Amino acid sequence: MTFRVFRDSVRRSVDAALDSMGLRGVEYSIEVPPDPSLGDLAVNAPLRASRVLREPPGAIAERIAGAISESRPPIIGRVVPHPSGYVNFFADAAELARLTLRAALDPGGWRIDVGRGTKVSVEHTSVNPNKALHIGHARNLVLGDSLARLLSEVGYRVEVLNYVDDTGVQVADVLVGMLYLGMPEDPPPGKKYDAYCGDEVYVRVNELYEARPELVERRREVIAQLERGSGPASELAARVVPRILRAQLETCWRLGAKYDLLNWESHILRSGLWERAFEVLREAGAVRLVEEGELAGCWVLQAPEEGEEKVLVRSDGTTVYAAKDIPYAAWKLGLLGDPFQYRRFAKQPGGGDLWTTDLGGGEAEHPTFGSSDLAITVIDVRQSRVQRFVKYAVELLGERSGRSKRYLHLGYEVVALSRRTAEALGIEVPEGRQFVHMSGRRGAYVNVDDVLNALASRAAEEVRKRNPDARDEWVRRVAEAIAVGALRYQMLRQDPNKLIIFDMEDALRIEGETGPYLQYTYARASRILEKAGGIPSESLGELAALLSAPKEVKLVKLMSKYDMELEEAAAELSPKRLATYSYELADAFNAFYEAHRVLQEPDENRRLARLALVGAFRSLMGRLLTLMGIEPLDRI
RNA sequence: GGGCCCGUAGCUCAGCCAGGACAGAGCGCCGGCCCUCUAAGCCGGUGGCCGUGGGUUCGAAUCCCACCGGGCCCGCCA
């Protein structure tokens with residue numbers, strides 16, 4: 001409500017000026033000038049108008065500026081025509097500061113509601129329950145969790161889902177190892193259960209398939225039992241899978257993620273949802289039985305482009321993997337009713353229950369799940385093709401039921417390992433390649449827990465250096481928060497459609513554009529406020545006018561764009577923007593911090609004004625960090 | 001063969017969707033700054049025919065086309 005006020009005022013003033021010059025209807029854009037010394041906003045109307053008027057842009061700029069200067073609202077300061085054909089506008093610094101400080105310091109202020117209660121489900125993480133999370137999964141989790149936080153902040157009702165593929169090949173591999181190869185169900189002492197199953201059992205079993213082909217047959221039987229839900233493999237799975245899942249969740253929670261509900265593939269398989277979806281798709285003519293050719297006997301989905309088709313039901317009557325995604329997506333949007341019961345699965349750190357679907361007797365009282373207006377699925381780009389079919393199918397189901405429902409695949413590129421890091425792990429890197437893809441089956445990956453542990457011990461050194469007398473418990477806790485901040489920021493700042501080449505040495509950096517830099521800056525602000533004993537709450541208006549030094553003004557301006565930045569980030573489903581904006585803010589704060597004293601400022605009013613500025617910064621940075629799932633720390 | 005994504009400073013990346021005023025950060029490298037608000041910081045310097053070639057436009061890193069280089073996807077696997 002602050003920079004936006006300025007921008008809207010500029011738009012109104014320019015419209016009025018154009019009107020008075022007989023130029024109504026000239027299209028122009030409002031931009032940010034390349035150099036702040038030119039102005040805070042620039043309008044290119046003169047360039048556009050010069051085509052119509054056949055007059056040099058510079059001259060038109062002068063006329064427009066003249067027309068505006070006469071009567072302008074207080075938020076608009078100077079209006080400066082530029083010979084290049086722009087009219088530049090300066091916000092009135094005092095007015096902008098007043099509005100910004102007030103909004104930022106008001107705990108209930110700056111509420112944004114573009115979601116208006118629209119229900120959105122965000123599915124993320126969804127790691128096969130047979131191994132520990134590797135850093136690729138971390139990218140998924142961080143993207144999804146940050147997006148969920150962001151959407152919730154701007155007024156959407158968000159439901160976070162985590163899909164558990166408990167009937168797939170990957171789980172079956174682990175069960176094969178335990179059932180037929182004598183691998184113990186319990187891990188060796190000190191080994192986390194998900195890491196044990198993934199690093200040892202899963203990898204070993206996959207090594208053996210080639211030498212012992214009969215194991216592949218065993219696996220087939222295991223999968224059949226899992227789908228049916230009976231037999232010795234199924235009984236073993238009932239113990240092993242939840243145990244792995246809980247170990248994975250420890251890592252997820254460690255990273256700050258929260259979920260509302262676990263959706264189990266086995267439940268979806270037995271829910272009858274697929275049969276219902278299939279029925280509707282067939283009636284709609286989207287699915288057809290192929291009569292001849294290679295695909296004879298298969299039911300295929302025809303979509304979304306001409307000639308593209310995807311087999312959903314094999315000629316032997318079994319369904320393919322993609323056919324499980326469709327009923328799940330339909331459930332998310334409430335298109336086929338709700339066949340599930342629900343019960344509590346776990347208590348999450350920081351409060352809040354994690355629920356799970358159930359097919360045999362849930363709890364009588366439970367929140368309403370599913371039935372979202374928009375379903376967002378966070379999965380890597382390799383799934384794009386399948387996701388297009390899912391989107392097509394489920395949106396078709398929506399149309400058939402006369403409801404407007406949307407399905408969105410939020411894709412992102414995978415995380416690969418740098419040559420240096422891969423070689424350090426003993427992974428062979430082909431000549432000429434700068435990176436290598438991770439592979440769970442081959443054991444070629446970097447676990448999230450290991451990265452966090454390395455980061456935490458690195459951070460602990462630094463924290464200890466600065467706080468020699470602090471309690472170990474405090475140092476440990478702060479170092480952990482810094483480790484999470486570092487990893488989350490790294491995963492967030494990169495554009496989702498760019499491959500991340502993970503390098504361990506690089507990842508352990510906590511200087512420069514990193515999460516810890518933001519946390520450090522936040523702590524600086526916190527300490528000033530702590531020592532000052534509080535923020536002035538009165539006469540903010542007069543105090544704000546004292547913030548006239550360039551570095552103060554620059555910081556205020558950046559902060560004044562908070563709501564616009566959030567809305568933009570939400571509209572683009574781009575939590576990355578939060579990372580970029582936060583870094584700019586921290587940068588501006590540090591520049592201010594180095595240039596001006598706060599506590600030692602001799603002029604009392606100026607001191608109070610700066611305190612208010614620091615308080616406003618701390619408040620906004622704290623909110624941004626929280627949205628990114630990075631813990632704001634008052635002291636580090 | 002078809003489709004999607006990436007190519008900007010030695011390295012890692014912003015900026016591109018909604019085209020404009022000298023192309024920005026971080027890391028690295030060189031040189032400065034702790035006089036009690038945390039130097040995980042700050043200031044200055046170094047460094048780029050924005051992959052190539054066409055086109056559209058008064059104007060292109062940004063839009064369109066072609067090409068080159070790299071990645072991914074195209075299974076009755078999951």
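Owing to the predicted nature of the structure, the values given are computational and were not obtained by experimental measurement. Chain letters run A, B, ... following the sequence lines, proteins first, then strands; residues in each count from 1.
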query: Any side-chain donor-acceptor pair under 3.5 Å between A:Asp495 and A:Tyr412?
result: no

- request: Using a 4.0 Å heavy-atom cut-off, write out nucleotides 31-36 of chain B from 5' to 3' as B (base contacted by protein), S (sugar-phosphate only) or - (no contact).
  value: ------

- request: Answer with base, sugar-phosphate or nothing: what part of the nucleic acid does A:His596 contact at a heavy-atom distance below 4.0 Å?
  value: base

task: Using a 4.0 Å heavy-atom cut-off across all strands, classify A:Ala416 as base, sugar-phosphate, or nothing.
output: nothing

- prompt: Who is the Watson-Crick or G-U wobble partner of B:rC76, with both distances under 3.5 Å?
  reply: none

NZ/NE/NH1/NH2 to OD/OE distance under 4.0 Å, A:Arg464 and A:Glu461: no

message: What's A:Arg635 touching, base or sugar-phosphate or nothing? Going by heavy atoms closer than 4.0 Å.
response: base

- prompt: Honestly, is A:Arg219 close enough over A:Tyr209, meaning NZ or CZ under 6.0 Å from the six-membered ring centre and within 45° of the axis?
  reply: yes

- prompt: Mind checking the C1' distance from B:rC50 to B:rA23? Whole angstroms is fine.
  reply: 7 Å

- prompt: Which part of the nucleic acid does A:Val463 contact within heavy-atom distance under 4.0 Å: base, sugar-phosphate only, or nothing?
  reply: base

Watson-Crick or G-U wobble partner of B:rC49, both distances under 3.5 Å: none

- request: Would you mind pulling out the nucleotide paired to B:rG26, Watson-Crick or G-U wobble, both distances under 3.5 Å?
  value: B:rC11

message: For a quick check of understanding: with a heavy-atom distance under 4.0 Å over all strands, which category does A:Tyr583 fall into, base, sugar-phosphate or nothing?
response: sugar-phosphate

field: Protein-to-nucleotide contact annotation, 5' to 3' order, nucleotides 71-78 of chain B [B base; S sugar-phosphate only; - none; under 4.0 Å, heavy atom]
entry: SSSS-BSB

query: How is A:Glu572 classified with respect to the nucleic acid when contacts are heavy atoms under 4.0 Å: base, sugar-phosphate, or nothing?
result: base

- prompt: When all nucleic acid strands are considered with a 4.0 Å heavy-atom cut-off, which category describes A:Ile482: base, sugar-phosphate, or nothing?
  reply: base

